Amino acid sequence: MDKDRTFKITEIVDLDKTSFYSLVNLDLKEVGAVIIKDGEIKMNLNNGENTSFNDDYESLLRYVKRNGLCFVKLDEESRWEEFNPNPLGKKVDDCSIRSYCAAKGIEWDTAFDYACEIAEKEKDIINSGTVCHKVVTEKLGMKLNKESKKVKPKDRITVMEWACLHNSGTYILDCGKHYCTVSEGKYYDSWNSGKQKVKAFYEFPDESYVPEE
């Protein structure tokens with residue numbers, strides 16, 4: 001982290017403006033992230049602790065001070081990792097293919113073959129919602145988080161917010177007409193898709209997960 005971008009907890013933060021901060025310790029090692037939006041403060045720590053301070057900024061300051069932490073303001077590209085696995089470096093409408101590659105660590109050609117195989121069976125195009133769902137669940141072994149589909153459009157968060165609130169794990173985000181992968185708090189895409197709204201997400205199942213019949 002750049003020491004010049006850190007600031008003391010006594011400095012004022014505009015609660016009416018959407019902003020993102022990394023929480024770092026005295027060694028400038030990131031331990032979590034804070035999102036301030038619509039007067040609400042959400043904190044996500046790398047140890048899995050999640051806390052909402054609502055509009056109580058003073059409680060956040062006390063927590064930060066008590067744990068010897070400080071803020072680092074995050075810009076719009078701080079969580080974005082430019083990622084384009086296309087073998088020829090082409091920037092084409094292959095967001096679903098890119099997301100498969102980033103989530104599973106496979107080559108573009110392999111991901112494309114997965115999509116073509118499912119599309120042929122479904123007699124559909126490779127970017128359709130049905131094909132993408134089946135590739136992610138049947139070929140990549142991920143599951144759809146059904147609760148995420150229940151979130152109303154007005155309450156959906158952005159890819160950038162999602163990345164800040166999920167510092168561990170790997171997920172494929174369905175943004176309606178766009179797909180991207182978030183892994184370990186970073187989102188991987190060929191362009192900065194941080195402002196896209198998350199419609200639903202897929203995750204790798206835990207050991208207790210039993211696939212649907």
Side-chain angles (χ1 to χ4, degrees), residues 1-83 99 101-105 142 145 147-148 151 155-173 175 180-198 201-207:
M1 293 291 182
D2 185 349
K3 291 183 179 180
D4 292 336
R5 295 174 63 202
T6 62
F7 58 90
K8 298 179 181 179
I9 61 173
T10 54
E11 294 188 8
I12 301 300
V13 172
D14 185 356
L15 293 178
D16 295 322
K17 182 179 181 181
T18 300
S19 51
F20 304 89
Y21 302 91
S22 174
L23 282 176
V24 300
N25 58 25
L26 296 179
D27 295 325
L28 297 185
K29 180 180 179 181
E30 183 177 80
V31 298
V34 170
I35 298 174
I36 297 175
K37 180 182 179 182
D38 299 329
E40 184 178 9
I41 303 169
K42 293 181 180 179
M43 180 183 70
N44 177 52
L45 299 182
N46 293 358
N47 63 9
E49 179 183 345
N50 291 281
T51 303
S52 177
F53 292 93
N54 296 318
D55 60 352
D56 188 1
Y57 183 55
E58 292 302 318
S59 293
L60 172 64
L61 294 185
R62 286 194 294 271
Y63 179 93
V64 169
K65 183 177 181 179
R66 183 170 64 250
N67 289 276
L69 305 176
C70 61
F71 296 98
V72 177
K73 187 173 177 59
L74 299 175
D75 58 39
E76 292 184 353
E77 296 186 352
S78 60
R79 296 283 172 156
W80 171 44
E81 290 288 338
E82 188 170 1
F83 179 73
S99 69
C101 294
K104 200 69 173 180
M142 303 178 79
N145 183 294
E147 290 301 312
S148 66
V151 178
D155 296 324
R156 292 172 184 167
I157 65 174
T158 66
V159 170
M160 174 67 172
E161 290 176 75
W162 177 274
C164 287
L165 292 173
H166 296 80
N167 294 323
S168 62
T170 297
Y171 311 87
I172 287 182
L173 308 185
C175 301
C180 74
T181 290
V182 168
S183 184
E184 306 303 320
K186 298 280 188 178
Y187 56 95
Y188 292 78
D189 215 336
S190 62
W191 57 285
N192 187 358
S193 55
K195 293 183 178 180
Q196 295 286 305
K197 293 292 186 72
V198 180
F201 72 89
Y202 295 83
E203 58 193 335
F204 286 105
D206 56 34
E207 295 181 356

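As the structure is a prediction and not an experimental result, all values here were calculated from the model. Index from 1, following the sequence. Excluded from the calculations below are hydrogen atoms, water molecules and symmetry mates; all remaining heavy atoms, backbone and side chain alike, are included.
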Tell me, do [X] and [Y] make a side-chain contact under 4.5 Å, heavy atoms counted?
X	Y	answer
Phe83	Cys101	yes
Cys175	Arg156	no
Thr158	Lys197	yes
Met43	Leu45	yes
Leu23	Phe71	yes
Glu203	Val182	no
Trp80	Val159	no
Glu76	Phe20	no

Atom of [X], atom of [Y] and distance for their closest heavy-atom approach:
X	Y	value
Ala102	Tyr188	CB-CB, 4.0 Å
Thr181	Ser99	OG1-O, 2.7 Å
Cys164	Ala33	O-CB, 3.4 Å
Phe201	Ser148	N-OG, 3.2 Å
Glu161	Ile35	O-CD1, 3.5 Å
Asn25	Leu69	CA-CD2, 3.9 Å

* Above 12 or not: heavy atoms from other molecules or residues under 6.0 Å from CD of Glu184? -> yes

* Asked: With respect to Ser22, which candidate in Arg79, Glu30, Lys73 satisfies the side chain to side chain donor-acceptor pair (under 3.5 Å) definition?
  -> Glu30

Please check if the side chain of [X] supplies one atom and the backbone of [Y] the other of a donor-acceptor pair under 3.5 Å.
X	Y	result
Asp27	Lys29	no
Asp75	Ser78	yes
Asn67	Tyr63	yes

To the nearest 0.5 Å, how far apart are [atom1] in [X] and [atom2] in [Y]?
X	Y	atom1	atom2	value
Glu81	Asn192	CD	CG	11.0 Å
Ile157	Thr18	CD1	OG1	12.0 Å
Asn145	Tyr171	CG	OH	9.5 Å
Gln196	Trp162	CD	CH2	15.5 Å
Ser183	Ile172	OG	CD1	10.5 Å

